[in-house]
Amino acid sequence: MHPWTHFTAPADYLKDRVIVVTGAGQGLGEATALACARAGATVVLLGRSERKLTRVYDAIVEIGGPTPAAIPVDFAKMTDQDCVNLANLVWKEFDRVDGIVHCANGFNFLSPLIHQKLEEWVDMFKANVAVPFAMTRALLPLLKRAPDASVVFVGEEHAFDPKAYWGGYAVTRAGQHALSQIAGDEWDGIPTLRVNEFIPGRYRSPFRVKTHPAEDLSALAQPAELAPALLWLLGPASSGTTRQVLRWSKDV
């Protein structure tokens, strides 16, 4: 059994840490944001829907977590300057960043390659690869200011085992995996920073409903069941762990 599969975070495990969570308005991003707040972190919530971010913001306040920040962003439309502006905004408010969890997920629909469009591929590439890269690069000076920083890319098994109809989505997720490995390799000389990839496997999410509409979701794990593994990656328990691919399964 790996130490992260059934991790129980001690009280105040992430106390005084600033954690950026993308895709924080729903699914695993929401569950991760709430888990981080319960562990004492100040969470910067990023996502497309201001309404959903407000709901998560209010939920964190209700459970007594540190006051979060909510910033609506659309990864498919962001520019390089937008990423720099975001980093400056976070810097002015918090001075440093202790962790980033890339939960945002760019996806259109399943279809044969012959029916997929260039614009759809470009949108997914921006959401799944290019903007996570640019955002992490922009936040790197703030990550360097932290004594123990962690970047986690939430990946997809289709990056490693691509199949028919997954097209641009699988290709961009393969790119995300390459990004996580390259970043981990290049930044290996920063002793206070680690970069890992987390593969959640099958779990109950809005994305799963789109890709498997006839599936019995009751048999799948809830997003909150995966959050402890991400807490392990974000906090001191995973010190020294970098450039790893962690695969989560309900049966592990």
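Lys52 contributes atom NZ, which lies 14.0 Å from atom CG of Leu45 (distance to the nearest 0.5 angstrom). Annotation: the span from Asn196 atom CG to Ser238 atom OG amounts to 7.0 Å, rounded to 0.5 Å. Distance check: Asn105 CG to Gln26 CD gives 9.5 Å after rounding to the nearest 0.5 Å. With values rounded to the nearest 0.5 angstrom, Ile199 atom CD1 is found 9.0 Å from Leu246 atom CG. The structure places CG of Asp74 at 12.0 Å from CG of Leu46, a figure rounded to the nearest 0.5 Å. Rounding to the nearest 0.5 Å gives a distance of 4.5 Å between CG of Leu110 and CH2 of Trp166.
Listed for the Glu225 side chain is a donor-acceptor partner under 3.5 Å among the backbone atoms of Gln222. Between the side chain of Lys126 and the main chain of Met78, a donor-acceptor pair closer than 3.5 Å is present. A donor-acceptor distance shorter than 3.5 angstrom exists from the side chain of Thr22 to the backbone of Ala104, with no hydrogens or angles considered. No donor-acceptor pair under 3.5 Å is formed between the side chain of Arg173 and the backbone N or O of Gly155. Checked by atom type and distance alone, the side chain of Glu120 pairs as donor or acceptor with a backbone atom of Lys117 at under 3.5 Å. Looking only at distances, no side-chain donor or acceptor of Glu62 sits under 3.5 Å from a matching main-chain atom of Ile60. With hydrogens and angles ignored, the 3.5 Å screen pairs no side-chain donor or acceptor of Asn128 with any backbone N or O of Thr172.
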**Message:** side-chain hydrogen bond (donor to acceptor under 3.5 Å, both in side chains), that's the test. Do His102 and Thr136 meet it? Break it down for me.
**Reply:** CA-CA 9 Å; His102 287 290; Thr136 304; 2.8 Å; yes
**Arg96/Asp98 under side chain to side chain contact (heavy atoms under 4.5 Å, CB included): CA gap, chis, key distance, verdict** = CA-CA 7 Å; Arg96 77 169 198 244; Asp98 300 270; 2.8 Å; yes
**Request:** In sequence, state the C-alpha distance, the side-chain angles, and the governing distance for Arg194 and Thr241, and then conclude on side-chain hydrogen bond (donor to acceptor under 3.5 Å, both in side chains).
**Result:** CA-CA 7 Å; Arg194 55 194 184 278; Thr241 301; over 6 Å; no
**Request:** Check the pair Cys36 / Leu231 against side chain to side chain contact (heavy atoms under 4.5 Å, CB included), numbers first and verdict last.
**Result:** CA-CA 7 Å; Cys36 288; Leu231 288 182; 3.9 Å; yes
**Item:** side chain to side chain contact (heavy atoms under 4.5 Å, CB included) between Gln116 and Asn108, intermediate numbers included
**Value:** CA-CA 10 Å; Gln116 297 190 10; Asn108 291 315; over 6 Å; no
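Linking ILVMFWY residues whenever their side-chain heavy atoms come closer than 4.5 Å, directly or via other members, places Ile190 and Met135 in the same cluster. Hydrophobic clustering (side-chain heavy atoms under 4.5 Å, transitive across Ile, Leu, Val, Met, Phe, Trp, Tyr) groups Ile19 together with Leu226. Leu14 and Val97 fall into different hydrophobic clusters, where Ile, Leu, Val, Met, Phe, Trp and Tyr residues are linked whenever their side-chain heavy atoms come under 4.5 Å apart, directly or through other members. Under the 4.5 Å side-chain contact rule for hydrophobic residues, Val43 and Leu234 share a cluster. Note on Ile63: it clusters hydrophobically with Tyr13, by side-chain heavy-atom contacts below 4.5 Å among ILVMFWY residues.
Residues Leu140 and Leu193 form a side-chain contact, since some pair of their non-hydrogen atoms from C-beta on lies under 4.5 Å apart. Val171 has its side chain out of reach of Phe125: every pair of non-hydrogen atoms, C-beta onward, lies at least 4.5 Å apart. A heavy-atom distance below 4.5 Å is not found between the side chains of Val73 and Arg48. Two residues are said to be in side-chain contact when any heavy atoms from C-beta on lie closer than 4.5 Å; Ile182 and Asp185 fail this criterion. Glu93 is not listed as a side-chain neighbour of Leu89, based on a closest heavy-atom distance of 4.5 Å or more. Side-chain contact check for Gln176 versus Glu156: every heavy-atom pair is 4.5 Å or farther apart. By the 4.5 Å heavy-atom criterion applied to side chains, Thr42 and Pro68 are not counted as neighbours. Side-chain atoms of Glu197 and Val151, non-hydrogen and from C-beta on, never get closer than 4.5 Å to each other.
Taking the six-membered ring for Trp and thresholds of 30 and 60 degrees, Tyr169 and Phe107 have ring planes more than 60 degrees apart, a perpendicular arrangement.
Salt bridge present: Asp80 and Arg137 bring a charged side-chain N and a carboxylate O closer than 4.0 Å. Using a cutoff of 4.0 Å between basic side-chain nitrogens and carboxylate oxygens, Asp148 and Arg17 are scored as salt-bridged. With respect to Glu30 and Arg55, a salt bridge is recorded, a charged nitrogen being found less than 4.0 Å from a carboxylate O. Using a 4.0 Å cut-off between a side-chain N of Lys or Arg and a carboxylate O of Asp or Glu, Glu157 and Arg247 qualify as a salt bridge. Ionic pairing of Arg243 and Asp188 is not present here: no N-O contact between side-chain nitrogen and carboxylate oxygen is shorter than 4.0 angstrom.
Among all heavy-atom pairs drawn from Pro162 and Ala170, the shortest one is CB-CB, 4.1 Å. Nearest approach of Asp161 to Lys163, heavy atoms of both residues: OD2-NZ, 2.7 Å. Among all heavy-atom pairs drawn from Thr32 and Cys103, the shortest one is OG1-SG, 4.3 Å. Residues Val195 and Gly184 come closest through the heavy atom pair CB-CA, 3.9 Å. Contact detail for Ala159 and Ala174: the closest heavy-atom pair is CB-N, 3.5 Å. Residue Gly106 comes nearest to Ala127 through the heavy atom pair CA-CB, 3.7 Å, listed as atom of the first residue, atom of the second, then distance.
The environment of Phe7 atom CZ is dense: over 12 non-hydrogen atoms of other residues, nucleotides or ligands sit within 6.0 angstrom.
For Phe133 and Phe153, the gap between ring centers reaches or exceeds 6.0 Å.
Gln81 and Asn85 share a donor-acceptor pair across their side chains, judged by distance under 3.5 Å alone.
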